[in-house]
2 protein chains.
Amino acid sequence: MTDIAPLSDDIGFLLTRAGTSLTAAAKTALAPFELRVRSYSVLALACEHADGLGQRQLAEELGLDPSQIVALVDDLEARELISRRVDPADRRNKRIDATDAGRTLCVDAQRALASTQSEILAALGDRAVRELRQTLQAIAPGRE
Amino acid sequence: MTDIAPLSDDIGFLLTRAGTSLTAAAKTALAPFELRVRSYSVLALACEHADGLGQRQLAEELGLDPSQIVALVDDLEARELISRRVDPADRRNKRIDATDAGRTLCVDAQRALASTQSEILAALGDRAVRELRQTLQAIAPGRE
DNA sequence: TATTGTTATACTCTATAACTATA
DNA sequence: TATAGTTATAGAGTATAACAATA
């Protein structure tokens with residue numbers, strides 16, 4: 001008779017559960033900015049890449065399918081938080097850049113997000129958070 | 001001019017990304033058993049609780065809304081992997097118990113799952129995995 | 001009145017495939 | 001022929017509200 005390991009020890013289950021918990025908190029924190037978690041990530045990546053980036057690259061860094069990027073970019077572009085322009089060098093490409101308004105909003109949103117997250121992670125201590133970050137980055141796909 | 005912390009350092013983002021990665025692997029590993037991640041978790045919890053448990057408790061341990069449990073239990077019951085019977089002591093309650101077939105399937109499924117997961121987590125080392133588990137359990141809600 | 005399970009509904013997210021325009 | 005972006009669609013997951021039976 002084989003014992004079954006408790007679900008509460010399963011790393012996949014725990015990752016999903018903890019992720020859901022932080023995502024829910026992020027959703028609340030971002031709501032005042034009329035950003036959802038997904039659109040925030042797109043905006044944040046646009047801000048990170050000072051020289052802009054293509055939608056394909058966006059999809060890859062977010063771990064999403066390129067087709068999912070379209071609506072996210074549409075929305076942020078309509079709100080003039082990012083711009084989307086055809087790359088003259090290769091007209092298949094569209095380069096995404098954050099606008100000044102986008103950068104300002106992103107900074108504010110990130111502040112709110114960080115504050116919400118640190119409440120949740122406070123119990124862990126700085127060191128455990130750093131180790132957690134490293135471990136998750138080692139698991140995260142995209143660097144194979 | 002404020003700097004924006006890279007998205008790839010954001011714990012929420014990383015948790016979701018790593019969780020998605022493990023969930024995708026789990027989905028593949030469970031497919032041969034005709035279990036999806038959700039139904040596996042229900043079955044696993046039913047196996048853990050030797051004396052059965054109510055749907056409300058199931059919902060709470062999984063972090064789901066009770067209304068989402070119904071269809072999951074319906075399916076597993078139809079396949080005779082669990083049983084659902086009215087609690088004579090309190091007829092509002094329905095107790096969920098794993099059947100023998102359910103237990104057998106669960107053990108096999110868990111073995112497949114563990115093997116898939118250890119491939120992904122192998123690079124981390126046992127110690128990092130144990131620390132990750134502890135940290136995630138500290139974040140996980142349900143123990144407030 | 002409060003609780004357990006249930007149904008219904010709408011919304012978001014995920015996964016695929018096919019299409020267009022450029023190269 | 002290959003790649004970037006786009007559109008469409010179906011399926012899974014999430015979030016709420018309301019209801020029946022029971023306490």
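Quick note: numbers below take in every heavy atom, side chains included, and nothing from hydrogens, waters or symmetry partners. Model, not experiment: these values are computed from the prediction. In what follows, chains carry the letters A, B, and so on, assigned in the order in which the sequence lines appear, proteins first and then strands, with residues in each chain numbered from 1.
Atom C1' of nucleotide D:dG5 and atom CG of A:Leu53 are separated by 14 Å, given to the nearest angstrom. For B:Arg17 and C:dC13, the CZ to P distance is 16 Å, given to the nearest whole Å. Going from atom CD of B:Gln55 over to atom P of C:dT7 covers 10 Å, rounded to whole Å. One can place CD of B:Glu60 at 12 Å from P of C:dG5, the figure rounded to the nearest angstrom. In this structure, A:Lys27 places its NZ atom 17 Å from P of D:dG13, rounding to the nearest Å. Across the protein-nucleic acid pair, A:Ile69 atom CD1 and C:dA15 atom P stand 13 Å apart, rounded to whole Å. We find that CZ of B:Arg56 is positioned 5 Å from P of C:dT4, with the value rounded to whole Å. The interatomic distance linking B:Ile96 (CD1) with C:dT4 (P) rounds to 14 Å, in whole Å.
Residues from residues 76-86 of chain A placing a heavy atom under 4.0 Å of any atom in DNA chain D, listed by number, are A:Arg84.
Taking CG from B:Leu132 and CD from B:Gln137, the interatomic distance works out to 9.5 Å, rounded to the nearest 0.5 Å. Rounded to the nearest 0.5 Å, atoms CD (B:Gln57) and CZ (B:Arg95) are 7.0 Å apart.
Each of A:Ala24 and A:Arg95 was matched to the nucleotide of DNA chain D holding its nearest heavy atom; the match closer to the 5' end belongs to A:Arg95. The residue among B:Arg91 and B:Leu72 whose nearest nucleotide of DNA chain D is located toward the 5' end is B:Leu72. Comparing B:Pro66 and A:Leu64, the nucleotide of DNA chain C nearest to each residue sits closer to the 5' end for B:Pro66.
Dashed line: the shortest gap from a side-chain N or O of A:Arg36 to OP1 or OP2 of C:dT12 is under 4.0 Å. Side-chain nitrogen and oxygen atoms of B:Gln68 include none within less than 4.0 Å of the OP1 or OP2 phosphate oxygen of C:dT6. For D:dT6, the OP1/OP2 oxygens have a side-chain nitrogen or oxygen of A:Lys94 closer than 4.0 Å.
Although no hydrogens or angles enter the test, the distance criterion places a donor-acceptor pair under 3.5 Å between the side chain of B:Thr135 and the main chain of B:Glu131. A donor-acceptor pair under 3.5 Å is absent between the side-chain atoms of B:Gln55 and the main chain of B:Ile69, judged by distance alone.
Checking C:dC13, C:dT3, C:dA15 against every side-chain atom of B:Arg92, the shortest atom distance belongs to C:dT3.
Between B:Thr16 and A:Thr23, the side chains place a donor N or O and an acceptor N or O closer than 3.5 Å (distance only, hydrogens not considered).
For A:Asp87 and A:Arg91, the salt-bridge test fails: no basic side-chain N is under 4.0 Å from an acidic carboxylate O. Using a 4.0 Å cut-off between a side-chain N of Lys or Arg and a carboxylate O of Asp or Glu, B:Asp97 and B:Arg84 do not qualify as a salt bridge.
Across all strands shown, B:Asp65 has heavy atoms under 4.0 Å from base atoms, whether or not it also approaches the sugar-phosphate.
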